Peer 1: 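Sharing a structure with you now.
Here the structure is a predicted model, which means the values were calculated and not measured.
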Amino acid sequence: MLACLRSGLLALVVSVLTVQCGGKEMAKYSQLDRLRILALVVDTPELQNPAAGVTNVQLTPILSDIGGTGTIDLAVQSCLDPGSSLGADPSCDGAAQASTVQNITVSDAGGAPVDTFGDPERTGQPASGAIAVPLNIPAGLLSAYSATIQNNGLPYLITVTATRGSQTLKSFKRVLISNKAPNTNPTLSDLLSNGVSLTALPTGKPALGFTSSGGETYPFMNSAGATTTETEVFETTWFVADGVIENSRTRVGETTEWEAPATAPAGRQAVVVGVLRDDRGGTAVLIRKF
C-alpha cells in the first residue's frame, strides 16, 4: 500500500491525475491514445538560494497526441507554490511572484527526430526546443522560512496548459529553492526488452526494463530539525501507443510485461516512452519509435 501511494505522489509532481493502483486503471494510464503531457523536464530541478531578481530555468515539455491533428498551443507560467502539496489548486492565478504567461505553439511538422513532436507519431518535445521560464526571486526569500524549509526546499510552480481544438489539459512542475547542494536530473541510459536494448519492435510479451545512473544522496530535515541522509529512489513510468502494458511503473531492477503488437500500425510507427523520476523532482525521458 505504501509503495502504491508513493507511486501516485511521484506522478502528481508533473500532472494532475486520478490514478488508482490497480492493473486495469494503470493500463489505461499507460496508453497513448489522446492529448497527453507525459513529463515536464527542467534543466535545474532545484536551485541553491538564487540571488534576488529573475532566474531562468529551461523547461522541456514532453507531449503526445497520437491520432490528433494540427498544432498544440501551450500557456506557461511560474509562481511561488500556493500550497499544492497541501491540497491547494496548482495554479498561478493570483499567486505570489507570478510571471507573465508565455504562449507557445508546438508545430506538427513531419519528419521530426525520434524525440521530437511531429506527424504522424506526434510524441516528443517541441521542435522549437526548451522554453526559458523566469522565476521571480524576491530578496531574502529563504530567510523568511524555517530551517526545515530552507533545507528541504521551497517550491516554485511552473504551470502548463496544453490546448488543441476543444481539448485542454493542465499540468505542473515544481522547482525547489533550498540552501543545500541542488538536485540534478537523473540519466535514463536505456530502455530494455528482455534485458537487451529496445531498438526494434519485439514479438510476443517482452519484459520491459531500464538502466539509469545519477542517483544521489541528500540531507533531509524533519520538523524537529533532525537531519538524516536519504538516497533517491528511481522509478520509470511506461507509455505505449500500441499493445498493453501490465504495470505502468517499475523501479530499478524490475520489469513489466508488454503485450506488443505484431506489427506497427498502418500510417505510423509504434511508440514506447519511458519517463524516469527520482523522488524529489529530477526527470529524464527516452522515446523509441519503430
Peer 1: I'd like to know if the side chain of K180 reaches the main chain of N151, judged simply by a donor and an acceptor atom lying under 3.5 Å from each other, with no hydrogens or angles considered.
Peer 2: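 Yes, because the side chain of K180 sits within donor-acceptor range (under 3.5 Å) of the backbone of N151.
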Peer 1: Are T228 and E230 close enough that a side-chain donor and a side-chain acceptor fall under 3.5 Å?
Peer 2: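 Looking only at side-chain atoms, E230 and T228 do form a donor-acceptor pair, the distance falling under 3.5 Å.
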Peer 1: Side-chain heavy atoms under 4.5 angstrom apart, residues restricted to Ile, Leu, Val, Met, Phe, Trp, Tyr: same cluster for I104 and V42?
Peer 2: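 Same cluster.
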Peer 1: Are any of the side-chain heavy atoms of S212 and P186 separated by less than 4.5 Å?
Peer 2: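 Not touching, per the 4.5 Å side-chain cut-off.
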Peer 1: Determine whether V133 and N56 satisfy the following criterion, side chain to side chain contact (heavy atoms under 4.5 Å, CB included), listing intermediate values before the conclusion.
Peer 2: CA-CA 5 Å; V133 180; N56 287 320; over 6 Å; no
Peer 1: Quick one: do D73 and T105 satisfy side chain to side chain donor-acceptor pair (under 3.5 Å)? Show the steps, please.
Peer 2: CA-CA 5 Å; D73 295 321; T105 298; 3.3 Å; yes
Peer 1: Return yes if some donor-acceptor pair links the side-chain N/O of S99 with the main-chain N/O of S78 below 3.5 Å, else return no.
Peer 2: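 The answer is yes, because a donor-acceptor pair under 3.5 Å joins these two groups.
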Peer 1: Please find the pair of heavy atoms, one from F290 and one from A264, that lie closest to each other, and give the distance.
Peer 2: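 That closest heavy-atom pairing would be O-CB, 3.9 Å.
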Peer 1: Does a side-chain N-to-carboxylate-O contact under 4.0 Å join R288 and D190?
Peer 2: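 Yes, R288 and D190 are salt-bridged.
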Peer 1: State the CD1-CG distance between I72 and D108, to the nearest 0.5 angstrom.
Peer 2: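 If we round to the nearest 0.5 Å, I72:CD1 and D108:CG are 8.5 Å apart.
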Peer 1: Using modelled atom types only, decide if a donor and an acceptor are shared between the side chain of E46 and the backbone of N183 within a distance under 3.5 Å.
Peer 2: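 Indeed, once roles are kept as given, a pair shorter than 3.5 Å links the two residues.
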Peer 1: Assigning hydrophobic clusters by single linkage (Ile, Leu, Val, Met, Phe, Trp, Tyr; side-chain heavy-atom cutoff under 4.5 Å), is V175 placed with L59?
Peer 2: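 The answer is yes; both residues are in one hydrophobic cluster.
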Peer 1: Tell me if the aromatic rings of F239 and Y29 count as close, with their centers under 6.0 Å from one another.
Peer 2: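 Yes; Y29 has its ring centre under 6.0 Å from that of F239.
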Peer 1: Is a donor on one side and an acceptor on the other found under 3.5 Å between the side chain of K170 and the backbone of S91?
Peer 2: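 Not confirmed, K170 side chain does not pair with S91 backbone.
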Peer 1: Do any N or O atoms from the side chain of T148 and from the backbone of N222 form a donor-acceptor pair under 3.5 angstrom?
Peer 2: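 Confirmed, T148 side chain pairs with N222 backbone.
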Peer 1: Which pair of heavy atoms, one from Q31 and one from D242, lies closest together, and at what distance?
Peer 2: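 It is NE2-N, 4.0 Å.
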Peer 1: With a 3.5 Å cut-off and no angle check, do the side chains of T283 and K173 form a donor-acceptor pair?
Peer 2: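 Their side chains do contain a donor-acceptor pair, which is all the 3.5 Å distance test asks for.
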Peer 1: State, yes or no, whether a side-chain contact exists between L141 and L154 at a heavy-atom distance under 4.5 Å.
Peer 2: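 Of all side-chain heavy-atom pairs linking L154 with L141, at least one is under 4.5 Å.
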Peer 1: Just by distance, do the side chain of K205 and the backbone of W258 share a donor-acceptor pair under 3.5 Å?
Peer 2: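 Checked: no pair found.
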Peer 1: Will you find, in the side chains of R34 and S64, an N or O donor that is under 3.5 Å from an N or O acceptor?
Peer 2: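 The criterion, which ignores hydrogens and geometry beyond distance, is not satisfied for S64 and R34.
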Peer 1: Do I66 and I287 sit in one hydrophobic cluster, given that two such residues count as connected whenever their side-chain heavy atoms are within less than 4.5 Å of each other, even indirectly?
Peer 2: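 Cluster IDs for I66 and I287 match.
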Peer 1: With no hydrogens and no angle check, do the side chains of S178 and Q48 hold a donor and an acceptor under 3.5 Å apart?
Peer 2: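 No.
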Peer 1: Between Q102 (side chain only) and A132 (backbone N and O only), is there a donor and an acceptor less than 3.5 Å apart?
Peer 2: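 Such a contact is found between Q102 side chain and A132 backbone.
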Peer 1: Answer with yes or no whether the hydrophobic clustering places Y145 together with L135; edges join I, L, V, M, F, W, Y residues whose side-chain heavy atoms lie under 4.5 Å apart.
Peer 2: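 Yes, because Y145 and L135 connect within a single hydrophobic cluster, where side-chain heavy atoms sit under 4.5 Å apart.
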Peer 1: Going through the checks in order, is the side chain to side chain contact (heavy atoms under 4.5 Å, CB included) test met by F210 and V252?
Peer 2: CA-CA 7 Å; F210 67 93; V252 175; 4.0 Å; yes
Peer 1: Is there side-chain contact between V106 and S128, with at least one heavy-atom pair below 4.5 Å?
Peer 2: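 When only atoms from C-beta onward are counted, S128 and V106 do not touch, as no gap falls below 4.5 Å.
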Peer 1: P82 and L157: which non-hydrogen atoms are nearest, and at how many Å?
Peer 2: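 Looking at all heavy atoms of both residues, the shortest contact is CD-CD1, 3.7 Å.
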Peer 1: Just by modelled atom types, is the L47 backbone N or O under 3.5 Å from a matching donor or acceptor in the T44 side chain?
Peer 2: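 No; judged by distance alone, with no hydrogens or angles, the pair does not exist.
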Peer 1: Measuring from atom CG of N179 to atom CG of N49, what distance do you get when rounded to the nearest 0.5 angstrom?
Peer 2: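 These two atoms lie 7.0 Å from each other.
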Peer 1: Any side-chain heavy-atom pair from I177 and Y156 closer than 4.5 angstrom?
Peer 2: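 Yes. Closest side-chain heavy atoms under 4.5 Å.
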Peer 1: Does the salt bridge (Lys or Arg N to Asp or Glu O under 4.0 Å) test come out yes or no for R249 and E254, once each step is laid out?
Peer 2: CA-CA 9 Å; R249 296 185 180 92; E254 298 177 345; over 6 Å; no
Peer 1: For the residue pair S248 and S30, what are the closest heavy atoms and their distance?
Peer 2: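 Nearest heavy atoms, S248 then S30: CB-CB, 3.9 Å.
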Peer 1: Does the side chain of L192 come within less than 4.5 Å of L208's, by heavy atoms?
Peer 2: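 Counting from C-beta outward, L208 and L192 never come under 4.5 Å.
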Peer 1: Quick one: CG on L276 to CZ on R251, what's the gap to the nearest 0.5 Å?
Peer 2: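 Output value for this atom pair is 12.0 Å.
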Peer 1: Hey, could you give me the CG/CG distance between L35 and D65, rounded to the nearest 0.5 Å?
Peer 2: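 Those atoms lie 5.0 Å apart.
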Peer 1: Nearest 0.5 Å, please: how far is CD in Q97 from SG in C92?
Peer 2: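 C92 atom SG to Q97 atom CD measures 11.0 Å (nearest 0.5 Å).
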Peer 1: When you compare the side chain of N185 with that of D278, does any pair of heavy atoms fall below 4.5 Å?
Peer 2: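 In short, these two side chains do not touch, never coming nearer than 4.5 Å.
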Peer 1: Has the side chain of R36 got a donor or acceptor atom that lies under 3.5 Å from a matching backbone atom of T123?
Peer 2: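 Pair absent, no side-chain N/O of R36 close to backbone of T123.
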Peer 1: If we only count heavy atoms from C-beta on, is the R174 to D81 side-chain gap below 4.5 Å?
Peer 2: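 Counting from C-beta outward, R174 and D81 do come under 4.5 Å.
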Peer 1: What closest approach, in Å, do G267 and P120 show between heavy atoms, and which atom pair accounts for it?
Peer 2: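 Heavy atoms only, the tightest pair is O-CG, 3.4 Å.
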Peer 1: Please name the pair of heavy atoms, one in A262 and one in L201, separated by the smallest distance, quoted to 0.1 Å.
Peer 2: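 It is O-CD2, 4.2 Å.
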Peer 1: Decide yes or no for L188 and T211: does some side-chain heavy atom of the first lie under 4.5 Å from some side-chain heavy atom of the second?
Peer 2: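 L188 does not reach T211 side chain to side chain.
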Peer 1: Which value, rounded to the nearest 0.5 Å, describes the distance between T159 atom OG1 and L40 atom CG?
Peer 2: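 Rounded to the nearest 0.5 Å, the OG1-CG separation comes to 9.5 Å.
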Peer 1: Are R277 and E235 within salt-bridge range, i.e. N to O under 4.0 Å?
Peer 2: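 No salt bridge links R277 with E235.
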Peer 1: Do L169 and L74 land in one hydrophobic cluster if side-chain heavy atoms of ILVMFWY residues count as linked below 4.5 Å?
Peer 2: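 Yes, L169 and L74 fall within the same hydrophobic cluster.
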Peer 1: Does a side chain donor of either W238 or T256 reach within less than 3.5 Å of an acceptor in the other side chain?
Peer 2: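 No - no donor-acceptor pair under 3.5 Å links their side chains.
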Peer 1: Taking NZ, NE, NH1 and NH2 as the nitrogens, is one of them in R280 or E216 under 4.0 Å from a carboxylate oxygen of the other?
Peer 2: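 Counted as a salt bridge, because a side-chain N and a carboxylate O are separated by less than 4.0 Å.
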Peer 1: Any chance you could lay out the side chain to side chain contact (heavy atoms under 4.5 Å, CB included) test for V271 and L32, step after step, and finish with the verdict?
Peer 2: CA-CA 8 Å; V271 181; L32 299 178; 4.1 Å; yes
Peer 1: Any sub-3.5 Å donor-acceptor pair from T187's side-chain atoms to S189's backbone N or O?
Peer 2: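 Side chain of T187 to backbone of S189: no pair is present.
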